[in-house]
There are 2 protein chains.
Amino acid sequence: MSTKDLPEFDLERFLPYRFTVLAARLSAEMAQHYKHEFGISNPEWRVLVNVGYAENPSVRDIEKRVSLEKSKVSRAAARLEARGLITKVEDPDDRRLVKLDLTEKGADLLSQLVPIALSFQSSLENKLGASEATLNEALDLLLED
Amino acid sequence: MSTKDLPEFDLERFLPYRFTVLAARLSAEMAQHYKHEFGISNPEWRVLVNVGYAENPSVRDIEKRVSLEKSKVSRAAARLEARGLITKVEDPDDRRLVKLDLTEKGADLLSQLVPIALSFQSSLENKLGASEATLNEALDLLLED
DNA sequence: ATATTTTTGTTGCAGATGCAACGAATTTCT
DNA sequence: AGAAATTCGTTGCATCTGCAACAAAAATAT
């Protein structure tokens, strides 16, 4: 193919591509901090944070809130439960629901994880400087619907 | 766990989380457009674009440029070759390298795909309005190193 | 020149993932 | 009320993924 007759296209400016690359990079960097040190995978971290900072969320609640497939949530929750970090309790008012809750052990672990996340956030805010506010506005626009 | 003694943490403002959710959403939306209609997966699309818009890139070139694991690139390339969309040629100057090239069939397909990507980009730019410029500045900052 | 190290792409394998199917519980409809 | 449809969480299964191991080639060192 010496003669390519393709429409103009600049991958470097293609927003879905840019977000994907950046998200993958940031997630990988974050994961390094808690994967080997604490044995927590990315979905497990996401579930753990939700259990910690929401009122006994169900699997469905987390799925909706974090855009995490329900099977992913279910399996992450199962692993966290097996490690004694959370508990799963059938909701008496709606017995289809499984309410998740932190154990003391889980709270301890989360208390170690959160400062790592916060300092990572700080380093990003440092890089962004004044752009942080406008970035967040833009993200709000794209995430709103 | 009724008494949680956790540090303050706002997941909704945590940047890695926001990028991950947004990237997943945009990728899924994009994939809908070319997955079922053209049988092209996300990694295949990324490789195809690179082959189309770079000078005979090698697997390594693509890995570096698109932050795509080399095994992922290799397998995506194998699938694309099997479908007759690209060719793989050993570089005579460095026989470790495999130079990828579009076939005519691949160029045809890409010519159908790119307009879809462009119109998706337009819809995002519409949502962003004036924020687009500042968003790109912020992304540049986070992606630079 | 020979030996060592590095680079490139592929592959094997264990684990993760996505999606559909399923059973149980609840809601809605008639 | 009973029947049908919907919701929730789990699981089976085929595929995808990440990572280490590998062979071939090239670059570097001795």
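Just so we're on the same page: letters track the sequence lines, and every chain starts at 1.
Between the C1' atom of D:dT17 and the CZ atom of B:Arg46 lies a distance of 14 Å, rounded to the nearest Å. To the nearest angstrom, P of D:dA27 lies 12 Å from CZ of B:Arg95. Here D:dC8 presents its P atom at 12 Å from CG of A:Asp91, a figure rounded to the nearest Å. Distance CD (B:Glu69) to C1' (C:dG15): 14 Å, rounded to an integer number of Å. Rounded to whole Å, the distance from CD on A:Glu90 to P on D:dT10 is 11 Å. Nucleotide C:dG15 holds its C1' atom 15 Å from the CG atom of A:Asn42, rounded to whole Å.
Evaluation of the side chain to side chain donor-acceptor pair (under 3.5 Å) test over residues 115-126 of chain B, restricted to residues two or more places apart or in two chains, returns B:Gln121-B:Glu125.
Under the side chain to side chain contact (heavy atoms under 4.5 Å, CB included) rule, A:Lys99 has a single partner from A:Thr87, A:Asp93, A:Asp61, which is A:Asp61.
Each of A:Asp93 and A:Ser71 was matched to the nucleotide of DNA chain C holding its nearest heavy atom; the match closer to the 5' end belongs to A:Ser71.
Residues forming a ring pair (Phe, Tyr, Trp, His ring centres under 6.0 Å) with A:Phe120 (at least two apart in sequence, or on another chain): none. A search for salt bridge (charged side-chain N to carboxylate O under 4.0 Å, His left out) contacts involving B:Arg75 returns nothing, not counting sequence neighbours. Residues that satisfy the salt bridge (charged side-chain N to carboxylate O under 4.0 Å, His left out) test with A:Glu132, not counting sequence neighbours, are absent from this structure. Partners of A:Asp94 according to the salt bridge (charged side-chain N to carboxylate O under 4.0 Å, His left out) rule, which considers only residues two or more places apart in sequence or in another chain, are A:Arg96. Remark: A:Glu12 engages B:Arg65 in a salt bridge (charged side-chain N to carboxylate O under 4.0 Å, His left out) (not counting sequence neighbours).
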Using a cutoff of under 3.5 Å, can you pull out all pairs of nitrogen or oxygen atoms linking the protein to nucleotides 13-16 of chain D, with atom names and distances?
none

List, with names and distances, any nitrogen or oxygen atoms from the protein found under 3.5 Å away from nitrogen or oxygen atoms belonging to nucleotides 7-9 of chain C.
residue : atom : partner : partner atom : Å
C:dT7   : O4'  : B:Arg96 : NH1          : 3.4
C:dT7   : O2   : B:Arg96 : NH1          : 3.1
C:dT8   : OP2  : B:Arg60 : NE           : 3.4
C:dT8   : OP2  : B:Arg60 : NH1          : 3.0
C:dG9   : OP1  : B:Val59 : N            : 3.3
C:dG9   : OP1  : B:Val98 : N            : 3.2
C:dG9   : OP2  : B:Arg60 : N            : 2.5
C:dG9   : N7   : B:Lys70 : NZ           : 2.9
C:dG9   : O6   : B:Lys70 : NZ           : 3.2

Distance-only criterion, 3.5 Å: show the donor-acceptor pairs between side-chain atoms of residues 76-86 of chain A and protein atoms not counting sequence neighbours.
residue : atom : partner : partner atom : Å
A:Arg79 : NE   : A:Glu44 : OE2          : 2.4
A:Arg83 : NH1  : A:Gly39 : O            : 2.8
A:Arg83 : NH2  : A:Phe38 : O            : 3.1

